Amino acid sequence: MNRQLLEQPFTADQIKQREGGSGRAIDYIEGHSVIQRLNDAFESAWSFEIISHEIHQEEVVVIGKLTAGTLAKSQFGSSRITRNRDTKDIVSLADDLKAAATDALKKCATLFGVGLHMYASKNGHGDNSNSHGNDPENRSGGNGSNGNTNGRLSSKQHSFLMKLANERKLTKKELNERCVQEFGAVADYLSRNDAAKMIEKMLAH
Amino acid sequence: MKPNLKAYREELHISHSQIFTYLSCSLKYQFQYVEQRPQERMSLALPFGKAIHNAIERYYRSIMESGVPADLDVISDLFEESLTLGLEKTPAPIIFKQEAEDAGSAINLGKSMLKAFHESVDLTGWKVAAVELPLAAPLYTPDGERLDIQLIGAIDLLLKDTEGRYLVVDNKTSKQKKTQEAVDDDHQMTAYSYLLATNGYVFPRAEVDCRFDVLRKLKTPTFEHYHTSRTAEHRKRFARIASAVLTGIESRLFIPTKGWLCSDCQYQDACNSW
């Protein structure tokens, strides 16, 4: 792995912008730029798989896993379902899922260091995809908007944790006890990183 | 099927009482909500207030469902049952105070308070629109960004007058009289007003009438009304406070705050050893 290359800042022409929900400009990196960076840093020796996907009323959510050598990073990705303006019929669920997969890939790549400079330069801290994420399609995950390096878990992480606990016949109380034991907070108050770790642990068992 | 408060609690949320706890003592918030530590002790006021609440809820629910109020005997029995069960279920030692030094005197006090309620309650000109109405609403940052956490709450009683205007009622028990300043500044009513406005019960810019119905824990109990109202400006300010509280929680900002609530705090030992 070439870490220096992974974390190398993107050039101005690679950073795109679009308007966010509250009228602010959101920076993001296009999927092909991220793929190019992964190819360069890992010499194409990486793989990406979708662990699971869910189709909701208005959006699709996937969990992607990016593996390079012995390291693997998992993250959520989502995309709003595109509907015909007049008939409200779904245009192409496959395309929506592909967009969510790209979103997840970009998020996983961030965990390897790709595009990290975009967070640091904007809020002076680190990870806060709430307001300055590199993906304009996924901005609803934040909670306190304080620029904290490791903010509270997103509602998507929370829902997924609850789903995993349910599938594993764990009561909320039991899940909370595990979370407190390992991270010092019940599930609802885990940080994003701790929630991701907990999800990985539960997926592994 | 209508959503209930339990379903809302399954999602990431914050309630008025959580906001109140955080603003009163954020370290208590950490012990109670973030770590969910077992309580070291419990003030009688909590199970007592809950039992009175259950009894009054039955009274209004009976009117809403059948048009006939529940008898005093019915609500008194329900109170006694609720309090006894509440005291039995509490694993922590109960702190009794002068106004009720044991379970027996607490039951007697509660029954005399309910008698005062039953004799004084007057719904002339009002229709019971809802009892224990569960509501949820999104919260936003000051610059309009939607947060991932919902405000939730259950309104004790929603009354409607003949012109269709709502009155939010919250039932309280208290030994002390409330000041109008405290009533006007209370975040609970602003939270309810926010929930009603966001859920379309009132127009977004409407002023919402509110009332605290307070049953006083006195030798001769009284049932008192404290009127107030909440405007869109109050709601806007409340949303900022809620957002700031969430930021504090996310930043793990938990600091002990010395105050009048300390004497009844369930986490005094944990606080002292913090």
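Worth saying up front: this structure is predicted, and the values here are computed from it rather than measured. Just so we're on the same page: letters track the sequence lines, and every chain starts at 1.
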Heavy atoms of other groups near [X] [atom1], more than 12 under 6.0 Å:
{"X": "B/Gln268", "atom1": "CD", "result": "yes"}
{"X": "A/Gln181", "atom1": "CD", "result": "no"}
{"X": "B/Arg58", "atom1": "CZ", "result": "no"}
{"X": "A/Lys65", "atom1": "NZ", "result": "no"}
{"X": "B/Arg240", "atom1": "CZ", "result": "no"}
{"X": "A/Lys172", "atom1": "NZ", "result": "yes"}

Q: Pick one of side chain, backbone, both or neither for A/Asn176, based on which atoms fall under 4.5 Å of a heavy atom in chain B.
A: side chain
Q.
Under 4.5 Å from any heavy atom of chain B, what part of A/Val186 do you find: side chain, backbone, both or neither?
A. both
Q: Have a look at A/Arg152 and tell me which of B/Leu147, B/Ile149, B/Thr247 forms a side-chain contact (heavy atoms from CB on, under 4.5 Å) with it.
A: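 Answer to the side-chain contact (heavy atoms from CB on, under 4.5 Å) test with A/Arg152 among B/Leu147, B/Ile149, B/Thr247: B/Ile149.
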Q) For B/Leu139, is it the side chain, the backbone, both, or neither that has a heavy atom closer than 4.5 Å to a heavy atom of chain A? A) neither
If you take all heavy atoms of [X] and [Y], which pair is closest and at what distance?
{"X": "B/Glu10", "Y": "A/His158", "answer": "O-CE1, 2.9 Å"}
{"X": "B/Leu12", "Y": "A/Leu153", "answer": "CD1-O, 3.7 Å"}
{"X": "A/Tyr189", "Y": "B/Arg252", "answer": "O-NH2, 2.6 Å"}
{"X": "B/Glu250", "Y": "A/Gly151", "answer": "OE2-CA, 3.1 Å"}

Q. Do B/Asp148 and A/Ser155 get their side chains close enough for a donor-acceptor pair, meaning under 3.5 Å?
A. yes
Q. Which residues pass the side chain to side chain donor-acceptor pair (under 3.5 Å) test with A/Arg178, sequence neighbours left out?
A. none
Q) Are there residues of residues 29-46 of chain B that reach to under 4.5 Å of chain A by heavy atoms, and which ones? A)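 B/Tyr29, B/Tyr33, B/Val34, B/Glu35, B/Gln36 fall under the 4.5 Å cut-off.
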